[in-house]
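Below, read A as the first sequence line, B as the second, and so on, with proteins coming before strands; counting in each chain starts at 1. The model shown is predicted, which means the values in this text are computed figures rather than measured ones.
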Amino acid sequence: MSDTALRHRLAERGVDRQLLLLVPGLACVLALFVYPFAYGIGLSFQPASGGVLGAYRAFFTDAYQRDTIATTLGLALPAAILNVAASVPIAYLMRGRFRGKRFLTTILVVPITLGTVLTAEGLLNYLGPTGWFNRALMSIGVIDEPVRLTNNYWGVFFSLVITGFPFAFLLILSYLSGIDPTLERAAATLGAGRWQRFSRITLPLLAPGLATTFCLTFVLAFSVFPSAVLVGDPAGSTRVVSIAAYHAAYEAYDYPLGSAIAVIMGVVELVVVAVVLGLRSLFYTGSTGGKG
Amino acid sequence: MSDFAELRLDGVRRRFGGRDALTGLSLTIRRGEFIALLGPSGCGKSTALNCLAGLLPLSEGSIWQDETRLDTVPPERRGFGMVFQNYALFPHLSVRRNVSFGLQMRRLPRDEVRRRTDEAIKLVRLEEHAAKLPGQLSGGQQQRVAIARAIVLEPALVLMDEPLSNLDAKLRLEMRTEIRRLHQSLGLTTVYVTHDQEEALSLADRLVVLRDGRVEQIGTPQELHNRPANRHVADFMGYRNLLPMKVKAVHGATVTVDGAGLTLDGTAVGDVAPGDDVVAGIRPEDLLAGEHGVPVTVEVVEYQGREFAVEARTGEGVALHLRALERPAVGERITVTAAPSRVLVFAS
Amino acid sequence: MSDFAELRLDGVRRRFGGRDALTGLSLTIRRGEFIALLGPSGCGKSTALNCLAGLLPLSEGSIWQDETRLDTVPPERRGFGMVFQNYALFPHLSVRRNVSFGLQMRRLPRDEVRRRTDEAIKLVRLEEHAAKLPGQLSGGQQQRVAIARAIVLEPALVLMDEPLSNLDAKLRLEMRTEIRRLHQSLGLTTVYVTHDQEEALSLADRLVVLRDGRVEQIGTPQELHNRPANRHVADFMGYRNLLPMKVKAVHGATVTVDGAGLTLDGTAVGDVAPGDDVVAGIRPEDLLAGEHGVPVTVEVVEYQGREFAVEARTGEGVALHLRALERPAVGERITVTAAPSRVLVFAS
Amino acid sequence: APNGGGATDGPVPEKPDDAVTINILDVAGNLQLTQGMIDDFVSKNGDQISKVTYSKATAPELVGKIKAQQSAGRVDIDLVLTGVDGLAAGIDQSLWTPLLPTHAARLPGMNDYQEGAAAMQKLAGDFGVTITYYPSGPLLEYLPGKVPTPPKSAQELLAYAKANPGAVQYARPSNSGPGRTFLMGLPYLLGDSDPKDPVNGWAKTWAYLAELNKYVTLYPSSTSETMKNLANGSAKIIASTTGWDINPRVLGTVPKEAKVQTLEGFHWVTDAHYAVIPRGVPTGKQAAILNLLKDMLTPQQQAKAYDQGYFYPGPALKDVTLSMAPEESQKALAEYGRPEYEQLIASNPLEVPLDAKSLVAAFDRWDREIGGAKVKK
Amino acid sequence: MRRLTVGAWLVWGAVAFFLINLAALIGAVVVNSVGRRWFDTWLPQGWTTHWYASAWKEFGLLQVLVVTLEVALLVVAISVLVGVPASYVLARRSFPGRRLVYLLFLLPILMPPITYGIPLATVLYKYGFAGHLAGVVLANLVPSIPFVILTMTPFIEQIDQSVERAARMCGARTWQIFARILAPLLVPGILAASILVLVRTVGMFELTFLTAGPDSQTLVVALYYSMSAAGIRAQQSVDAMAVLYTSSMLVLLVAALRFVNPTQLVARVKDEPD
Ligand SMILES: Nc1ncnc2c1ncn2[C@@H]1O[C@H](COP(=O)(O)OP(=O)(O)OP(=O)(O)O)[C@@H](O)[C@H]1O
Ligand SMILES: Nc1ncnc2c1ncn2[C@@H]1O[C@H](COP(=O)(O)OP(=O)(O)OP(=O)(O)O)[C@@H](O)[C@H]1O
Ligand SMILES: [Mg+2]
Ligand SMILES: [Mg+2]
């Protein structure tokens, strides 16, 4: 009797046997994500020398290492901002139904399939000093020296845009179509012109979606690794944090330092995400009229 | 664009991908009128309203406001107010800012915006809720915000697209009175879309009945209620008994029809000749239990507060809906008649 | 579990995270009865139904089927049928397979499954549509599939949760008759949830009115219609004029109340004493225009087919809802009275 | 796997009891030269080796992988083909099974190493067996059409770079063989105090690199990139080695007419590939591998190392001539080879490369001070 | 019908510019992969498919493709099996700690793979998983399971719960409800999630790179090696391999887009006619 009573009490709060279905998923995340992460944090506090915080000290006292954070942010933030900012007007124009929408969406999403290597090769071939791009510009006389767009900041930046844009675009398109189109029509009947409808209705409703999209694109860009090596200048202007982490762990065999850098990377990224999500909470975040 | 004496729709037509959603709608709306567009789902009511609002371009025809052509003017410059079916309140703006939105778009001075907003909010009795977001309001309150937002601009014309369809029965009744009150007290001109005949009858000065994008009948509520132009309008106007029959004889306006074991006298609507297939329409409340008449067996009895709704079946198996003041027993046999003036005979 | 003489709910209570959604529901359902649970949104109707079905465990109380305790039996073994608000048809199964699903779950022999499925489909007149998917059916047809699916198992009890609320007015009326017919002809026992008083009155043998999870009144439609137990039930039963007043005098069952510039004679419901604050309830159709009575100004007039619904205001600004057979002009002053037997005075 | 579970230490038999499967990991690009030799051995000795699997990885991962496998007690890489870097890192972490002098007698070919290869073998200590060898570089490569008079000394190179900013290119040393050979060759060219000590002995080299850096606009992250730039004309002089000179021209990445140039007073910085066996490989497999290595160190097999100039010349043994090589090699080298190499190799000193630790220190310093110097701080 | 404003022209112009450059970028790689020699000219000096053959042989692409397929299918299967029940609970139930659980599932997607990839690889090496198929699969599960959960949760939410209740009222047991009602209704969602996970896994570089062994390299990793590992290789065959990779991803993506409406990833709304 008291057994059923307890069962009922738990059931009232939503606890019953069905929750067991969560267990495999939770187990995987705990074993494969939380534990390794904790292990990595633990490892980062056991450097060969320098005490508990030695690895962190080593990272922060060495300008060459420390600066990788600024380098990475310098790449990831503008790239994420551009991806989001460029997606908004395009997605906005692609609301509603029109013929060829699916095709155009597919085309815009194609870069997802390119992969780092093809993007890198493509950038090197196409934007390289004698690639078609420079050739075209030179043959129409815009420039007379090839502009250098690869093996430096720009190469990595372009590859981040090419791989990040489709994600941002898809998400924003999706958020936009979640906004009830009658809201804009309502605004129109109230005398709002095109720009006012966008800026006063659509944009504020989209803002939380923009923040989420920005975070996800930023995460993608922040962890840039292969393209920083392949199209960048991995010793110089594109020495990003992940290169430092990889170098420490797999070239210098300093696992504590590698873990410490990974932890620092996670922290920096979470800080950015937290700031953005904090800003997001300033906006209206409820239903946007679509049946979400 | 502001005040006007009349608004004219002239052969308005709208196609969607080759299919007509609305054809040849011609209608003159006089200042101060309350017009209801009535019809079943998909008949083109919203299409008509959106054309009027400028939210949909016309495929053919024109719209005139007195002598100005209106159908080329974008919606934001027509100066009409609109109340949407799901209200379309801006979810991120407070009630006050929803209501003042239109005034701000007009760049009115701050003071005036404040004054008129307050007035409108008061009119719909939402003073206490002015600072809330729409998501925190009940359906009826949201409804009132939508109305306040539309009328605060003192629009020449207010358009309403099934504004009550999302409310529950009791609230619907209340809001209906509210809408009629506002229309009267503010001297608005209103076009109102609904699929509920009761609502249309109770609110409108004139009704436009649509079916499949075409106008079936335009008239006052009384006209429609008593003299529907055809069986479809009748169906919509509560003629629940629609019996396919054959004309036996015609004597002036009175015709005798029979079919399915019944013989009835009725009033012809339109031209009918003996031998024609017709539909006889009778409201349940016009079928009276009496001494003489058709014998039927009671099948279903429903209590309706004052009277009982009865479904009965004739010997030939035709179902009839009628009303009774006393509860008949299920299975009981009674006889029913109808006054010839209450039986409408439509050419089918 | 199959047939039974009566089903007893005994102090049934259900909490959600500390808040009571339903308290102390005690009710005996006799075989063959049609019970309606009536109440505004959120009052616990669906909770009660789900407890009865076994879809929600009880927090307290018990349910008995004759002498067997039922509340510990899982829903799939109670043998009840259920019709859901939005039908909850299996969208990937054809009409036929929707209907036969329950029979298949019982592992009945193929022939019997086929026979009983055919029968049920015929009963709801969907023979032509048996092979279609639910998505290809209209609302009314889906509704009928849902009913067929529930009754094909010949359940001891059929539960319906606002089965008509998604249909449009005309269809709602038709399906209502249909449901009553099936209940009668199959000899079902039915518990029906609705927030529409008209529906409840017309369908049920007995009504249970709920508010905030508590039972307000249980009785036949006539009892509820004519003698609501309190102002809340009255509100629900169409007593649209609910006027806060003060008791002036009591003469047996008749009390004289006044307030807001009105003085009325009425019938007390419950104990009232002079000086008490009370609420006087009057239906619009019981407020008659007459020679003597309260003078009011007509504010809103709505046509309702036969009569006109009028909203009028007394000198003191109290709004009254009444009916008139002739259209009064807006602004006209008329006088209204009500028979004392039709004015109910509730202790508030 | 067959014989997978046998003892991992103790005496190594002459032959495995049963045919074994050998997993070979190549972190140096060595299979290009030796896969033919190995396949040949396997096809003739089916009783010892039933199957070989090949896989490739980069040198930096090697240590982590093997170490992890060893600590998990399950080593499934049986033979590693590596350059100096992987070899040294493994020695440092004691990953390898000592092969010498225990098994010296089983590898008679080791007595016939040519001079440079023998020096390289010294670097391997007791653990690795040199299987291919080449003198490498540093060489400069250019297109005669674009550079009619190539620089002949380090100073001329600097002057040329100054006159043609952006025209001189070498890839980031830690990603590139020619890049690191250039780095290691400079101290000899410039006469630094200790060419083997990049931290304290390379004063002139670092100064020179810093000066050169002013006129280098780009350090690509792979040698292929510099080759492509040479081919398309955006670079005029790039660092190269014998193999990188010949093979890309065979492949068509670089025009056939490209030429190489050495700088005055240059020393070859040699390079080699080694075979090593990780600790924890069963003795049966060790036996098979030793027999394989013995076979690979015979002149007939070594001749295959000529390849298409990939590691020119390639053989580690003395007196393995081109005429012994497969016909395809002979044809390719007849067309794209450079007869002058023989003379160059014979007349210039051979130096072994830096040991792994110093090399990593040199890379790190290069990354920070040269490659990273472009970044505004 | 709709007139384009200046802004719209600018945006479409920018889109066209982006697409043209993108096409040229892809074109440059494709042309190079079929070009014989290509130096300082607009087009190569001849055409050949030889690089594809040599890439196939040199990189052992057959084995790589088999491994890629194995990894991808295993990851998809496991993450669906584990993720769908979890998302069912998250979609249907409210219980104490639900938000925490949700956050826990969100984190692996919010974190750059390399931040947990390095410690994960270390741990997997410690337990002897890394370097094998098992390790690659386990590592790829980390972002995949949450991904399945995040895409399936809204999908399950939009399946009316009363359908399940209706089945129960018809006498169906829990497993019968799963098998006969939920599974068929979830098929499109599972398919969509699977294909997206497949695309992600095939394209996932960091985690695979850090945990793959010699016999468990997937196509991306092989590609990266072909570009960065020691030795001399013809660029053209690297390009050929990249083209092969991209074409297979493209096929997957186009297939995915047939099942998922890209506009309905985060919000499921009916396309409103306008
Ligand atoms: N954007 C559109 N594209 C294609 N067809 C449309 C579009 N909008 C409406 N239609 C079609 O036009 C017809 C009329 O639609 P409309 O919305 O005006 O009907 P309605 O009378 O308002 O119906 P409801 O009562 O359901 O709102 C319908 O058949 C509908 O399918
Ligand atoms: N799963 C639940 N968790 C928490 N509260 C609930 C849950 N289900 C119902 N409630 C609460 O219990 C109360 C009664 O809900 P119930 O669904 O029974 O109302 P109802 O009378 O059916 O209303 P409606 O007419 O809107 O369907 C409401 O206040 C509701 O918010
Ligand atoms: Mg509509
Ligand atoms: Mg309910």
- Item | Side chain, backbone, both or neither of A:Asp62 within contact of chain D (heavy atoms, under 4.5 Å) |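 A:Asp62 touches chain D through side-chain heavy atoms alone.
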- Message: For A:Tyr153, which atoms come within 4.5 Å of any heavy atom of chain D: side chain, backbone, both, or neither?
- Response: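 For A:Tyr153, no heavy atom lies under 4.5 Å from chain D.
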- Message: For the CZ atom of D:Arg365 and the OH atom of A:Tyr64, what is their distance to the nearest 0.5 Å?
- Response: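 Between atom CZ of D:Arg365 and atom OH of A:Tyr64 there are 13.5 Å.
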- Task: Check ring pair (Phe, Tyr, Trp, His ring centres under 6.0 Å) between A:Phe45 and all other residues, then give those that pass, not counting sequence neighbours.
- Result: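 A:Tyr56.
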- Message: Going by side chain to side chain contact (heavy atoms under 4.5 Å, CB included), A:Asn151 matches just one of D:Thr217, D:Leu218, D:Asn229. Which one?
- Response: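 Going through the options one by one, the only one that passes is D:Leu218.
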